[in-house]
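Naming: A, B, ... by sequence-line order, numbering from 1 per chain. Please read these numbers as outputs of a predicted model, since none were measured by experiment.
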2 protein chains.
Amino acid sequence: MSNYLNIEIPELALAFKALSNPNRLKIFMQLLACCPPGTACSITEAQKFCVSELGKDLDVAPSTLSHHIKELKQAGLLKMQRRGQHIDCWVDPAKVEALHLFFKPQQDCATPELSRSHS
Amino acid sequence: MSNYLNIEIPELALAFKALSNPNRLKIFMQLLACCPPGTACSITEAQKFCVSELGKDLDVAPSTLSHHIKELKQAGLLKMQRRGQHIDCWVDPAKVEALHLFFKPQQDCATPELSRSHS
DNA sequence: TAGATAATTCGACATGTTTCGAATAATAGA
DNA sequence: TCTATTATTCGAAACATGTCGAATTATCTA
């Protein structure tokens, strides 16, 4: 069974599973958030945090934190890159956009273009 | 820790957990879909299916189907109402809209406009 | 090279999820 | 009222998840 969007069911389910744990959801939201206090905001560059920064508000062991971030990465929600001792994490904008589209109210099929324009 | 949108973390996590199971995701997508084959499309009325219709493509026992639909309902994704022998199900448009907003690319913080409401 | 910091892997354990079949409840129609 | 249909509840079994501590890997700095 195929999807109406550019993302398939197992892939979607995996993303939702990654976001179904409150700790992982907090990690994701921290990366998703724009202009957190004391941070310069850039439109072009995604928000980046290293692993330990992402665990500061979480109250879990480092091994648990690592596990959660790995799950988010395997679900395609995060990208990661080592920077010296640290490993930077940021959201994959394409995945966020795909999920944004998934939940787009699908009521534009009756008329070609309606007044409700998101984008 | 509060959210930047009008939906809190436990509530969000519950919705994502409900959608993390491929069978439940298929159920949700069937309800979300606009203009399925052989069905008249209405903008005002949400797409409705009864429980057994939702299970047709699923290959699970009726008890399992019932359980999944209950989970979707408890997560606030579905609404239900009995119609004779059947029980109709349809998506909660408000919840879909909230999730749509959650994944909205947040790059409007550079502009001074402060339209987003903090709870 | 040695020690410190950051992050991951591994094994273990408690808890949660998915699924089923059997039993039950609610409704429609004869 | 009796039977068929639709859907739910319950208990049980198999499987998956979340968490930790200990050990390990990678990098930086002295």
Side-chain angles (χ1 to χ4, degrees), chain A residues 1 9-31 47-92, chain B residues 1 9-31 47-92:
Chain A
M1 179 178 173
I9 286 177
E11 189 184 343
L12 264 174
L14 201 66
F16 292 137
K17 186 165 77 177
L19 297 174
S20 71
N21 176 276
N23 282 329
R24 283 197 297 266
L25 182 55
K26 285 181 191 171
I27 292 169
F28 181 74
M29 287 172 70
Q30 188 170 347
L31 290 171
Q47 194 62 238
K48 288 185 182 178
F49 288 95
C50 72
V51 172
S52 55
E53 282 173 329
L54 290 170
K56 267 182 182 166
D57 298 339
L58 244 54
D59 197 37
V60 293
S63 56
T64 304
L65 177 63
S66 182
H67 166 70
H68 282 323
I69 290 179
K70 186 180 178 182
E71 293 260 309
L72 287 165
K73 182 178 186 303
Q74 286 178 339
L77 290 159
L78 299 193
K79 293 187 172 295
M80 304 172 76
Q81 188 175 40
R82 183 172 276 279
R83 178 176 48 89
Q85 277 175 300
H86 301 263
I87 295 185
D88 278 337
C89 305
W90 65 97
V91 293
D92 181 348
Chain B
M1 180 177 172
I9 286 177
E11 190 184 342
L12 264 174
L14 201 66
F16 291 137
K17 186 165 77 179
L19 297 174
S20 72
N21 177 278
N23 282 329
R24 282 197 299 266
L25 182 55
K26 284 180 192 170
I27 293 169
F28 180 76
M29 287 173 69
Q30 189 170 346
L31 291 171
Q47 194 62 237
K48 288 185 181 179
F49 289 94
C50 73
V51 173
S52 56
E53 283 173 330
L54 289 170
K56 268 183 182 164
D57 298 340
L58 245 54
D59 196 37
V60 293
S63 56
T64 304
L65 177 63
S66 182
H67 165 73
H68 282 322
I69 291 180
K70 186 179 178 183
E71 292 258 309
L72 287 165
K73 182 178 185 302
Q74 287 178 338
L77 289 159
L78 299 194
K79 292 187 173 297
M80 303 171 76
Q81 188 174 39
R82 183 173 276 279
R83 178 177 50 88
Q85 278 176 299
H86 300 265
I87 296 185
D88 277 338
C89 306
W90 64 96
V91 294
D92 182 349

Gap between atoms CD1 and C1', on A:Ile27 and D:dT19 respectively (whole Å): 13 Å

Contact under 4.0 Å: A:Lys17 side-chain N or O vs C:dT17 OP1/OP2: no

Side chain of B:His68 - closest among C:dT19, C:dA7, D:dT8: C:dT19

Under 4.0 angstrom between B:Asn21 side-chain N/O and C:dT18 OP1 or OP2: yes

Spacing of A:Glu53 atom CD relative to C:dA6 atom P, expressed in whole Å: 10 Å

Side-chain N,O (A:Asn23) to OP1/OP2 (D:dT19) below 4.0 Å: yes

Ionic contact status for A:Asp88 with A:Arg83, cut-off 4.0 Å: yes

Contact residues, residues 70-86 of chain B to DNA chain C [heavy atom, < 4.0 Å]: B:Arg82, B:Gly84, B:Gln85

Base of D:dG18 paired with side chain of A:Thr64 (donor-acceptor, under 3.5 Å): no

Touch class at under 4.0 angstrom, heavy-atom based, for A:Ser63 against every strand present: base

First encountered from the 5' end of DNA chain D, between A:Pro62 and B:Val51: B:Val51

Net bend of the helix from C:dT1-D:dA30 to C:dA30-D:dT1, end axes of five pairs each, nearest 10 degrees: 30°

Minimum-distance nucleotide to B:Ser66 side chain [options: D:dG18, D:dA7, D:dT8]: D:dT8

Given D:dA7, C:dC20, C:dA7, the nucleotide with the shortest approach to the side chain of B:Ala61: C:dC20

Touch class at under 4.0 angstrom, heavy-atom based, for A:His67 against every strand present: base

